[in-house]
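For reference, the structure discussed in these notes is given below.
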Amino acid sequence: MSKKVVVGMSGGVDSSVAAYLLKEQGYDVIGVTMEIWQNEPNWKMEQEGGCCGLSAVEDARRVASMIGIPHYVMNFRDVFQKKVIDYFVREYQLGRTPNPCIACNRYVKWEALLQRSLELGADFIATGHYASIKKCANGRYAIVKSESGYKDQSYALYNLTQEQLKHTLMPVGEYEKDRIRQIAEEQGLPVAHKPDSQEICFIPDNNYKRFLEEETGEKASEGNFVDCMGTVIGRHRGITHYTVGQRKGLNLALGHPVFVVEIRPETNEVVIGQNEDVYAESLLAADLQFMATDQYEEGQRMLAKIRYSDKGQMCTVKQVNGDSMKIIFDQKVRAVTPGQAVVFYQDHIVLGGGTIVKGFGGSD
RNA sequence: UGGGCUAUCGCCAAGCGGUAAGGCACAGGACUUUGACUCCUGCACUCGUGGGUUCGAAUCCCGCUAGCCCAG
């Protein structure tokens, strides 16, 4: 009897091809589209000169019937609201910068979907992520960077648990993005040329400031922009409008570019400085997660990625204190941002990661 | 009220008789399964105002207005 796998189908090319590949490999495949936020976006197929508005659900359903697998829609709005949107809003209010995709992966795409799938008798869940899973020598499962480091999505998957990884398949991780589109085309899948998703899915217009106001029902309170000496140099529109390293939108015409160096929720201040002031040589990470490794040791060397599109920087582990630890970079890194994730790698394998609490050592 | 100085894009600022540099800000786009960074493009037919000189002025002259400084 073939293994049963539930594929999370977003209606995009990647997950569509993932379903197709699994089917080809002989799995008993079930397609599931998760309803996660209120207003389903009507993807406009602006390419090809077409203008037919197709929803994600319809696309997924079409693909499913085309490759001959059942397709279901599951409602995950409650989890999504609680684990992703509420978290997203809360973090910004605390002066931090959240990464909703990571939270969504861990709690919605995996925790919730996996649980429901197992209840349905499935052995695995699968997605169209560009990464692969490997069982290490120590018996632990870990995410490995995709072959095409270009589209690699391992960073956003660093906090999946061992139990989740054990029941996960990522069939597209072994291919390059171009190859995936090619397969979709060869199979005549209607989503072959659908544009890659981008921006925060639940904020289609990308105006997250307005989203926060609508979600909280209140306007962000204004405050002061101060320099490193504490001198007030302007007014800001509310702490939630900024993130470390940001340049645009400050409305500060000082003759030279200036950037956000730090956000201070206690005093409602946003510290401004020059580009060199936003570099840090070390950082404190908390809420440590373990993937390929089950512990971090002082003196340990590894590669650390500070944000999604970061090539990574070598660092050394210092002061491990239970759930948190400090790491020191070989070379300063730009814009270490509280709230974002640090992900550790060794030979393309995800060791684990944590949430950035604070960066240290700018030019101060 | 005397004397001096200055008025050029939202901010700073070139220009010194030949037909408006640049920086910052801002807007749009590219990039991107987060926020950013980065990159590309755009951004004063007009130089406080009214006259005059000149083939031609933001640039020279006169008046007015405003701001700044010194003297009262």
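Keep in mind that what you see is a predicted model, and the values were worked out from it rather than measured. Letters A, B, ... are given to chains in the order of the sequence lines, protein chains preceding strands, and every chain is numbered from 1.
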Review point. What's the OH-P distance between A:Y87 and B:U34, to the nearest Å?
Key: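 From A:Y87 OH to B:U34 P: 13 Å.
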Exercise for review: For A:D152 and B:U32, give me the distance from atom CG to atom C1', rounded to whole Å.
Suggested key: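 Distance, rounded to whole Å: 14 Å.
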Under 4.0 angstrom, heavy atoms only, what part of the nucleic acid is [X] near: base, sugar-phosphate, or nothing?
X      : result
A:G249 : sugar-phosphate
A:V244 : base
A:Y242 : nothing
A:F88  : nothing
A:I102 : nothing

Any idea how [X] and [Y] line up, ring-wise: parallel (<30°), tilted (30 to 60°), or perpendicular (>60°)?
X      : Y      : answer
A:F225 : A:H236 : perpendicular
A:H129 : A:W110 : tilted
A:F88  : A:Y92  : perpendicular

Study note, to complete from the structure: Per the O4'-C1'-N9-C4 / O4'-C1'-N1-C2 angle with a 90° window around 0, B:C61 comes out anti
Exercise for review: Could you go through the side chain to side chain contact (heavy atoms under 4.5 Å, CB included) check for A:M325 and A:Q300 one step at a time?
Suggested key: CA-CA 12 Å; A:M325 71 175 174; A:Q300 185 175 343; over 6 Å; no
Would you tell me if any nitrogen or oxygen in the side chain of [X] comes within less than 4.0 Å of OP1 or OP2 on [N]?
X      : N     : answer
A:R247 : B:C24 : yes
A:N206 : B:U34 : no
A:K209 : B:G35 : no

Point to revise | Nearest-angstrom distance, P atom, B:G22 to B:G42 | key: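 Straight-line distance between the two P atoms is 11 Å.
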Check your understanding: C1' atom, B:C55 versus B:G15: distance in rounded Å?
Key -> 22 Å
Review point. Is the shortest side-chain N to carboxylate O distance from A:E215 to A:R90 below 4.0 Å?
Key: no
Check your understanding: Under the 3.5 Å rule, do the base of B:A36 and the side chain of A:T97 count as making a donor-acceptor pair?
Key -> no
Practice item. Hey, which sits more toward the 5' end of RNA chain B by its nearest nucleotide, A:K109 or A:S309? Key: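 Upstream on the strand: A:K109.
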Exercise for review: Could you tell me which nucleotide pairs with B:U53 by Watson-Crick or G-U wobble geometry, both distances under 3.5 Å, or answer none if nothing does?
Suggested key: none
